[in-house]
Amino acid sequence: MNIPMVKSEGVHKSFGSLEVLKGIDLEVQRGEVFCIVGPSGSGKSTFLRCINHLEKIDRGRLSVDGELVGYRQHGDKLYELKDRDAAKKRREIGMVFQRFNLFPHMTVLQNVMEAPVRVRKEPVAQVRERAMRLLDRVGLVGKADAYPRQLSGGQQQRVAIARALAMEPKLMLFDEPTSALDPELVGEVLDVMRQLAVDGMTMIVVTHEMGFAREVGDNLVFMDDGMVVETGRPRDVLNNPSHERTKAFLSKVL
Amino acid sequence: MTQPLHTESIKAIPVRHRGRWVATAVIFVLVAMFINMAVTNPNFEWDVIAANLFNNMILRGVWATIWITVVAMIVGIILGVVLAVMRLSPNPLLSNVAYGYIWFFRGTPVLVQLIFWFNLAVLVPNISLGIPFGPTFVSWDTNSVITPFVAALLGLALNEAAYMAEISRAGIQSVDEGQVEASSALGMSRAQTMRRIVLPQAMRVIIPPTGNEVISMLKTTSLVSVVAMPELFYNTQQIYARTYQTIPLLIVASIWYLILTSVLTTGQFYIERHYGRGSSNEKPPTFLQRLRLNIFRFHSQPPTPPSSTLLDAHGGVR
């Protein structure tokens, strides 16, 4: 049986009285690049953060690789996961943030090595070797001993990708990974992501880069006001949107 | 007609600061008057000051002052950081306990706390270890446990912890939330995140006010004289109570306090300089560097900044 990597059924999320997600239904298959687009405030990022339980959902069911996110089901009762168990599940999901969030007091290499050494308790030599391989993959071996502030935004984001990959995740979440970058630096980050897609990584990408979505994405959803408005092949949705709201949004960004 | 090209470096007449010269003269006169008064006024009794500056009792007092400052600060900092982490904990019990602690120890004068600890025996004559409401295993006489040193330490350290907790909390909260998110996304536990990611970054904000606290603590130790702890001020009092040379001995004590705070101020400068790493590559000049720079300036040459500090402010990568 083929279990989807991510399955979301009627997911709701509110911050106080503000309902941010109003019933999200979608499935992400293994090895797929799944793009989420939509205007700001539409709940894209919040949904992404629900997937690795940085936010708790209020209603519905959300599962990763067949296991509920943040809860354990026993009979027909749900039990909240302990912090430690939730953390254990996050290890298998990599996340890349809009503002990189590298650890500024550590070198590039230390950034990449921190979690495998401290969380997975792997031997340092083994982690170092893997970290250098990953830095090579994102083209930054030469910067291993630099501090994040000495790097450009694009380089920082590539380090952030290597850092997430160091935990050998089965799923990568990208939260507007190029939105904070100078235009000329966007390409180098997208190149790394494109390569990752070719290597078969399952990726969910919240993005405003329609070109990337069209070229690399296998599936695309358009979200607005906490709901999935339209879903389909990126080419179809972007070229022939069937909803007014999608059309209105695309006419502004394309 | 073509404009002449100005290729040579500018030699302009600098602005004259007349006000500065006047102020300098006024201050110079005032200082001269003060020094004259200090030297000619026999009541200063400089000979007594000189005779007592390295008096054995004074030196022992200096040592005790340093010792209690160090121990009280170490206990205060550790307890303070623990309280700050508790205060920010999602566990309401921990956070309220920390809040209550800070409320109490910041809300009562440290002098009162000192005397209170010293007189603990009146309230609790014996201190025992055992099962609550059950049998006791060992018991001590409170008066033998709470020596002047212990009373002083409890009073100063517990009070200091409340202030350090607030300083640490501000430091922890100054760290970008994204850092916590990134570490949780990597599967790090709350404790790991705090220890490995948040606290090292909070240090930059925590260190400067902590230096201030150390200096403040050094002087607050003089309060400990009320519980007969023989530190600098207590020993000074002991001497002038016998000899009635109050003023010269107070000057002796002040000289020592000034020496100690000067050493601490210098240390604070270098520690701050070290922890400034994260923010920029530019470091403030040390005293010697500043001196050198000022000497250059007197030669009316624009001082060339040490090039290494200005290069690479952004890594020179972009």
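A note on names: the letters A, B, ... follow the listed sequences, proteins ahead of strands, and every chain is numbered from 1.
Interface residue B:Gln179: backbone and side-chain heavy atoms are both found under 4.5 Å from chain A. Only the backbone of A:Leu102 comes within contact range of chain B, with at least one heavy atom under 4.5 Å from a heavy atom of that chain. Contacts of A:Arg120 with chain B are absent, with no heavy-atom separation under 4.5 Å from either backbone or side chain. A:Arg84 does not touch chain B: none of its heavy atoms, backbone or side chain, sits under 4.5 Å away. Contacts of A:Leu54 with chain B are made by side-chain atoms alone, with heavy-atom separations under 4.5 Å and no backbone atom involved.
In this structure, A:Asp136 does not pair ionically with A:Arg133, as no charged nitrogen and carboxylate oxygen lie closer than 4.0 Å.
Remark: B:Arg196 fails to qualify as a cation-pi partner of A:Phe103 under the 6.0 Å distance and 45° angle criteria applied to the six-membered ring.
Contact count against chain B (heavy-atom pairs under 4.5 Å) is highest for A:Glu114 among A:Gln98, A:His53, A:Glu114.
Within 6.0 Å of CD in A:Glu184 there are more than 12 heavy atoms belonging to other residues, nucleotides or ligands.
Distance alone, capped at 3.5 Å, is enough to place a donor-acceptor pair between the A:Gln156 side chain and the A:Pro148 backbone. For the pair B:Tyr163 (side chain) and B:Phe105 (backbone), a donor-acceptor distance under 3.5 Å is absent.
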